K.L.:
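First the structure, then my questions, so here it is.
Worth knowing before you read on, the calculation uses all heavy atoms, side chains too, and leaves out hydrogens, waters and symmetry mates. In listed order, ligands and their atoms are each counted from 1. All values reported here derive from a predicted model rather than from experimental measurement.
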Amino acid sequence: MREWEKYIRKVTPYTPGEQPNKPNMVKLNTNECPYPPSPKVDEILKNFNTDLLRLYPSPDVGPLVKAIAAYHNVDEKQVFVGVGSDDVIGMAFLTFFNSDKPILFPDITYSFYDVWADLFRIPYKTIPVDDDFKINIADYNIPNGGIIFANPNAPTGIEMSLSAIEDVIKANQDSIVIVDEAYADFGTVTALDLLDKYDNLLVTRTFSKSRAMAGARIGFAIGSEELITAMQNVKFAYNSYTMNQPAILAGVEAINDDEYFKEIRDKMVATREHAKLRLAELGFEGTDSKTNFLFVTHVSAEAKDIFEFLKSKDIYVRYWNKPRINNHLRISIGTDEEMEKLYEALEEFLA
Ligand code: PMP
């Protein structure tokens, strides 16, 4: 081994879902929105003044912070914007999780949490969800250096009640509690409603799912001014200009077009509820997902075989060969037409 090899930071990276690009594929594997972004986003990008690219973007992402703060009715000082919520959550780990005590998160959850913990050398402890994949909040009443959970959780889609979330925050006043709300727009509760009561709460969100802008890479966090200032300081100690000009302008248009947002979100929720029934008819069982994906297992067929068969038909869903979930599939909600293609292929496989 060469001397310098010892000093390379060795990490196991996060494995994102495949991004194939086939003309007639049905892509239901990364929880993207099947509809285009707001027409206002289209308009602003078509008319984008490229002279703006000569200049650095505003380092504080001012216009977008302003639009997000107005939309969520919070002070601008309570908003942090980053390159997707992955960037925002990564920054939050770096900023807040510096205790010697382990941070806590569920064993079945977004598989980036342990990757960031390893990258930043943060000790962590995973807390098993129960056999129905539900989070037991009492398990979080142990000494810890911070807590993160997704609500609704991924890949299970299960939503925790607001009172359960509050109980976790209340019982852990000495720690920062991050609630990852990547999918909250498809659900019914939000921890944003608790912000006035708790200054140890950080809520993260994304434009990637409900606002159809995964390719623009916009995420944000809302928390107390103190938490957001701490995150800004870490960001400015690392990379000041994270957000590019087109993304900032497009993001403002997206958040301001609430009518369009509600229209596509409602369509996805309706398709999801219909999909629950159709998949049940085909012999699938699953959680009561409150997201834009379903987490299902089949009564007799193996998840891996279904996954491979669908892939051979250019229908992409997500499968993990991981303990506890290796007989499940996560199926993102597509358009009604895409979902029909899925049901047809499943009928063929199961015949
Ligand atoms: N949190 C959860 C639970 C997710 O599923 C995702 C999407 N992979 C993210 C955060 C990150 O999304 P983005 O970086 O696109 O905002």
Side-chain angles (χ1 to χ4, degrees), residues 13-19 27-34 37 61 64 68 79-94 103 105-117 119 126 129 133 135 147-160 165 177-187 189-192 202-222 231 235 242-244 247-248 250-251 254-255 261 268 272 287 289-295 316-320 322 325 328-333:
Y14 169 73
T15 318
E18 284 178 80
Q19 288 295 7
K27 193 171 177 305
L28 307 174
N29 68 335
T30 47
N31 300 341
E32 290 141 333
C33 175
V61 205
L64 188 49
I68 292 169
V79 179
F80 177 94
V81 173
V83 189
S85 51
D86 281 341
D87 178 42
V88 174
I89 301 168
M91 276 288 142
F93 270 51
L94 192 55
I103 62 163
F105 48 85
D107 63 339
I108 311 285
T109 192
Y110 186 32
S111 50
F112 221 137
Y113 301 156
D114 57 345
V115 175
W116 283 310
L119 172 65
T126 55
V129 293
F133 299 118
I135 291 174
I147 294 174
I148 179 163
F149 56 88
N151 196 54
N153 198 11
T156 63
I158 298 171
E159 186 180 64
M160 250 161 89
I165 299 169
V177 179
I178 303 177
V179 184
D180 174 354
E181 292 198 339
Y183 302 99
D185 284 328
F186 304 102
V189 306
T190 169
L192 291 173
L202 189 83
V203 180
T204 62
R205 293 225 164 175
T206 179
F207 280 42
S208 300
K209 324 289 180 185
S210 53
R211 291 183 195 274
M213 288 176 74
R217 309 306 300 127
I218 305 173
F220 62 95
I222 302 188
M231 284 184 76
K235 172 195 150 166
T242 52
M243 306 298 294
N244 65 70
I248 296 173
I255 198 115
F261 158 74
M268 286 184 271
R272 175 189 79 198
T287 55
S289 172
K290 291 287 192 292
T291 61
N292 68 334
F293 57 82
L294 297 178
F295 190 58
Y316 293 85
V317 299
R318 194 86 194 260
Y319 170 76
W320 288 275
K322 281 191 174 175
I325 58 169
H328 274 75
L329 296 172
R330 190 195 67 188
I331 305 173
S332 308
I333 298 302

K.L.:
Should Y113 and F93 be marked as a side chain to side chain contact (heavy atoms under 4.5 Å, CB included) after you check the CA-CA gap, both sets of side-chain angles, and the distance that decides it?
P.N.:
CA-CA 9 Å; Y113 301 156; F93 270 51; 4.2 Å; yes
K.L.:
For atom 12 (O) of ligand 1, what's the nearest protein heavy atom and its distance?
P.N.:
S85 OG, 3.3 Å
K.L.:
Can the ring centres of F186 and F293 be said to be less than 6.0 Å apart?
P.N.:
no
K.L.:
Among the heavy atoms of G84, does any lie under 4.0 Å from an atom of ligand 1?
P.N.:
yes
K.L.:
Starting from the C-alpha separation in whole Å, work towards a yes-or-no answer on side chain to side chain contact (heavy atoms under 4.5 Å, CB included) for T156 and V129.
P.N.:
CA-CA 10 Å; T156 63; V129 293; 5.8 Å; no
K.L.:
What is the distance from atom OG1 of T204 to atom CZ of F80, rounded to the nearest 0.5 Å?
P.N.:
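Here the interatomic distance stands at 11.5 Å.
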K.L.:
State whether a side-chain donor-acceptor pair under 3.5 Å links T30 with K27.
P.N.:
yes
K.L.:
Give me the nearest non-hydrogen protein atom to atom 1 (N) of ligand 1 as residue plus atom name, then the distance to 0.1 Å.
P.N.:
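Its nearest protein heavy-atom neighbour is D180 OD2, 2.6 Å.
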K.L.:
My understanding is that we take every heavy atom of each candidate and find the minimum distance to atom 6 (C) of ligand 1. Doing that for F149, Y110, Y14, F293, which one comes out nearest?
P.N.:
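Shortest heavy-atom distance from atom 6 (C) of ligand 1: Y110.
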K.L.:
Looking at S208, which atoms of ligand 1 are within less than 4.0 Å of one of its heavy atoms?
P.N.:
13 (P), 15 (O), 16 (O)
K.L.:
Please round to the nearest 0.5 Å and tell me the distance separating atom CG of L192 and atom CD1 of I222.
P.N.:
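Answer rounded to 0.5 Å: 5.0 Å.
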K.L.:
Among all protein non-hydrogen atoms, which one is nearest to atom 7 (C) of ligand 1, and what is the separation to 0.1 Å?
P.N.:
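Looking only at protein heavy atoms, the one closest to atom 7 (C) of ligand 1 is K209 NZ, 2.9 Å.
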K.L.:
Indicate, as side chain, backbone, both or neither, the part of D86 found under 4.0 angstrom from ligand 1 when only non-hydrogen atoms are considered.
P.N.:
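D86 to ligand 1: contacts from backbone and side chain alike.
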K.L.:
Could you list the atoms of ligand 1 found under 4.0 angstrom from a heavy atom of Y183?
P.N.:
3 (C), 4 (C), 5 (O), 7 (C)
K.L.:
Atom CG of D185 and atom OG1 of T291: how far apart are they, to the nearest 0.5 Å?
P.N.:
12.0 Å
K.L.:
Closer than 4.0 Å to some heavy atom of R217 - which atoms of ligand 1 meet that?
P.N.:
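Answer, ordered by atom number: 13 (P), 14 (O), 15 (O).
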